[in-house]
Q: 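Submitted below is the structure of interest, expressed as structure tokens.
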Amino acid sequence: MSRKTAIITGGSSGIGAASALELAKAGCNILITYSKNKDGGEEVAEACRQQDVEAVAIQADVSRDEDCIRVAKAAVDEWGSIDILVNSAGMTRFLKSAELSAIDGDDFARIFEVNVTGTFQMIRAVEEDIIKAKGSIVNISSHAGKSGLGSSMVYASSKAALNTLTLSLARHFAPNVRVNAVCPGFVGTEWMAPRFSSEDFEKFKKTVAGLAPLKTLVLAEDVAETVLWFALGGKKITGQQVVIDGGTHLTTATPVKND
């Protein structure tokens, strides 16, 4: 393939980092953003450079429109185009759904600022260049947006909004740019670790794998595989939301009870 430019927000760890590395292996120049984890961002950028591509890491908060504009400009200044945008930046707060009094407007505001508004602002910042490139946008959503389960109902609501936003933007950008979302269930990263002791976290991962019909735990690399396909393949696919959870959505049990 000819050398393409990919922006991956939230690329310093987890799904964002795995997606950056997969796109680098496919020959893309990589710009990743990080919010606070500078060391992680630089490590991922260096891992991408080991694939014989160019890569940079930039600090940015996608909830700030000016940061999104700055990131898009940096990619164009460096490589002249933006072909791929992976919106992986996201956040949550672990809030018990049985205690509505534990959830306030600030929780909704901050989580939606990053997970929904930030995604929209980043897409708007790259709009002109990604249309010119006839590129691809991949949003990292969550099965929580379909099931209402997860770290909190606030997080689940934000991902449901992101799924709807994906549909709206797929219509907006057609026929020039494809917009799709991946909706992982539980992924074996450190995302959920703050909820558990290290021993309980290992037990939780085994429980998730045991409940999945495929009897396996989804890893960040598994999600990145689908991100890569949406980014560079699937030429006639847009407005889709692919669930990646080892088949757990087929069961009636859930490993996540946040009450």
Q: So how far is it from His172 NE2 to Arg124 CZ, rounded to the nearest 0.5 Å?
A: 11.0 Å

Q: Please tabulate, for side-chain N and O atoms in residues 134-148, each donor-acceptor pair with protein atoms closer than 3.5 Å (sequence neighbours left out).
A:
unit_1: Ser136; atom_1: OG; unit_2: Phe230; atom_2: O; d: 2.9
unit_1: Asn139; atom_1: OD1; unit_2: Asn87; atom_2: ND2; d: 2.9
unit_1: Asn139; atom_1: ND2; unit_2: Thr166; atom_2: OG1; d: 3.0
unit_1: Ser141; atom_1: OG; unit_2: Lys159; atom_2: O; d: 3.4
unit_1: Ser141; atom_1: OG; unit_2: Asn163; atom_2: OD1; d: 2.7
unit_1: Ser142; atom_1: OG; unit_2: Ala144; atom_2: N; d: 2.9
unit_1: Lys146; atom_1: NZ; unit_2: Gln241; atom_2: OE1; d: 2.9
unit_1: Ser147; atom_1: OG; unit_2: His143; atom_2: O; d: 3.3
unit_1: Ser147; atom_1: OG; unit_2: Leu149; atom_2: N; d: 3.1

Q: Taking side chain as C-beta onward, heavy atoms only, is Met122 less than 4.5 Å from Thr33?
A: no

Q: Taking only Lys NZ, Arg NE, NH1 and NH2, and the carboxylate oxygens of Asp or Glu, determine whether Arg49 and Glu46 approach each other closer than 4.0 Å.
A: yes

Q: Taking the side chain as C-beta and beyond, is there a heavy-atom pair between Ile123 and Leu169 under 4.5 Å?
A: yes

Q: Which heavy atom of Gly246 sits nearest to which heavy atom of Val218, and what is that distance?
A: N-CG2, 3.7 Å

Q: Pick one: which of Val116, Val62, Asp65 meets side chain to side chain contact (heavy atoms under 4.5 Å, CB included) with Gln121?
A: Asp65

Q: Write down the atom of Gln59, the atom of Ser35, and the distance for their closest heavy-atom approach.
A: NE2-O, 2.9 Å

Q: Using side-chain heavy atoms (C-beta onward) and a distance below 4.5 Å, is Leu228 in contact with Leu23?
A: yes

Q: What's the spacing between Leu21 CG and Gln51 CD if we round to 0.5 Å?
A: 5.5 Å

Q: Can you tell whether the side chains of Lys4 and Asp129 come within less than 4.0 Å, N to carboxylate O?
A: no

Q: Do Arg110 and Met91 have side-chain heavy atoms sitting under 4.5 Å apart?
A: yes

Q: Please examine the side chains of Ile15 and Val187, heavy atoms only from C-beta on, and report whether any two atoms are closer than 4.5 Å.
A: yes

Q: Examine Ile69 and Val114 and state if one hydrophobic cluster contains both, with Ile, Leu, Val, Met, Phe, Trp and Tyr joined whenever side-chain heavy atoms are less than 4.5 Å apart.
A: no

Q: For atom CG of Asp52, is the number of surrounding heavy atoms from other residues, nucleotides or ligands below 6.0 Å larger than 12?
A: no

Q: About how many Å separate CD of Glu42 and CG of Asn37, when rounded to the nearest 0.5 Å?
A: 10.0 Å

Q: Please check if the number of heavy atoms outside Lys215 that lie under 6.0 Å from its NZ is greater than 12.
A: yes

Q: Could you give the distance from CD (Glu113) to CZ (Arg64), rounded to the nearest 0.5 Å?
A: 11.0 Å

Q: Indicate, with yes or no, if Leu219 and Leu214 share a hydrophobic cluster defined by side-chain heavy-atom contacts under 4.5 Å among Ile, Leu, Val, Met, Phe, Trp and Tyr.
A: no

Q: For the hydrophobic clusters of this structure (ILVMFWY residues joined by side-chain heavy atoms under 4.5 Å, transitively), does one cluster hold both Leu165 and Leu167?
A: no

Q: May I ask you to check whether Arg171 and Thr238 show a side-chain donor-acceptor distance below 3.5 Å?
A: no

Q: Say you draw a straight line from CD of Glu221 to OG of Ser19; how long is it, rounded to the nearest 0.5 Å?
A: 9.5 Å

Q: Give a yes or no on whether the backbone of Asp107 and the side-chain of Asp104 come within a donor-acceptor separation of less than 3.5 Å.
A: yes

Q: Determine, stepwise, if the pair Val208 / Leu217 fulfils side chain to side chain contact (heavy atoms under 4.5 Å, CB included).
A: CA-CA 7 Å; Val208 174; Leu217 183 67; 4.1 Å; yes

Q: Does a sphere of radius 6.0 Å around CD in Glu66 hold more than 12 heavy atoms from other residues, nucleotides or ligands, not counting ones at 6.0 Å or beyond?
A: yes

Q: Would you say Ile8 and Val53 are hydrophobically clustered, going by side-chain heavy atoms of ILVMFWY under 4.5 Å?
A: no

Q: To check you understand the geometry: which heavy-atom pair defines the closest contact between Phe173 and Val179, and what is its length?
A: CD1-CG2, 3.9 Å

Q: Got a second to check how far Glu54's CD is from Cys48's SG, nearest 0.5 Å?
A: 12.0 Å

Q: Should Ser157 and Phe112 count as side-chain neighbours, where that means a heavy-atom distance under 4.5 Å?
A: yes

Q: Identify the heavy atoms of Ala55 and Ala45 that sit nearest to each other, and give their distance.
A: CB-O, 3.5 Å

Q: Verify the cluster assignment for Val56 and Ile82: are they in a single hydrophobic cluster under the rule of side-chain heavy atoms below 4.5 Å apart?
A: yes

Q: Going by heavy atoms in the side chains, are Thr9 and Val86 under 4.5 Å from each other?
A: no

Q: Show the nearest heavy-atom pair for residues Asn115 and Tyr155, with the distance to one decimal.
A: ND2-CD1, 3.7 Å

Q: When you measure from the side chain of Arg178 to the backbone N and O of Gly234, does any donor-acceptor pair fall under 3.5 Å?
A: yes

Q: Got a donor-acceptor contact below 3.5 angstrom from the Asn176 side chain to the Ile131 backbone?
A: no

Q: Evaluate the side chain to side chain contact (heavy atoms under 4.5 Å, CB included) criterion for residues Arg93 and Ile111: first the C-alpha distance (whole Å), next the side-chain angles of each, then the deciding distance (0.1 Å), finally the verdict.
A: CA-CA 8 Å; Arg93 287 177 180 161; Ile111 291 172; 4.2 Å; yes

Q: Mind running side chain to side chain contact (heavy atoms under 4.5 Å, CB included) on Phe186 and Thr248 for me, showing each step along the way?
A: CA-CA 9 Å; Phe186 174 75; Thr248 304; over 6 Å; no

Q: Is any side-chain N of the basic residue among Arg70 and Asp67 closer than 4.0 Å to the acidic one's carboxylate O?
A: yes

Q: List the steps and the verdict of side chain to side chain contact (heavy atoms under 4.5 Å, CB included) for Cys183 and Val242.
A: CA-CA 6 Å; Cys183 300; Val242 174; over 6 Å; no

Q: Indicate yes or no: at least one non-hydrogen side-chain atom of Ile58 is less than 4.5 angstrom from one of Ile32.
A: no

Q: For the residue pair Val177 and Ile130, what are the closest heavy atoms and their distance?
A: CG2-O, 3.4 Å

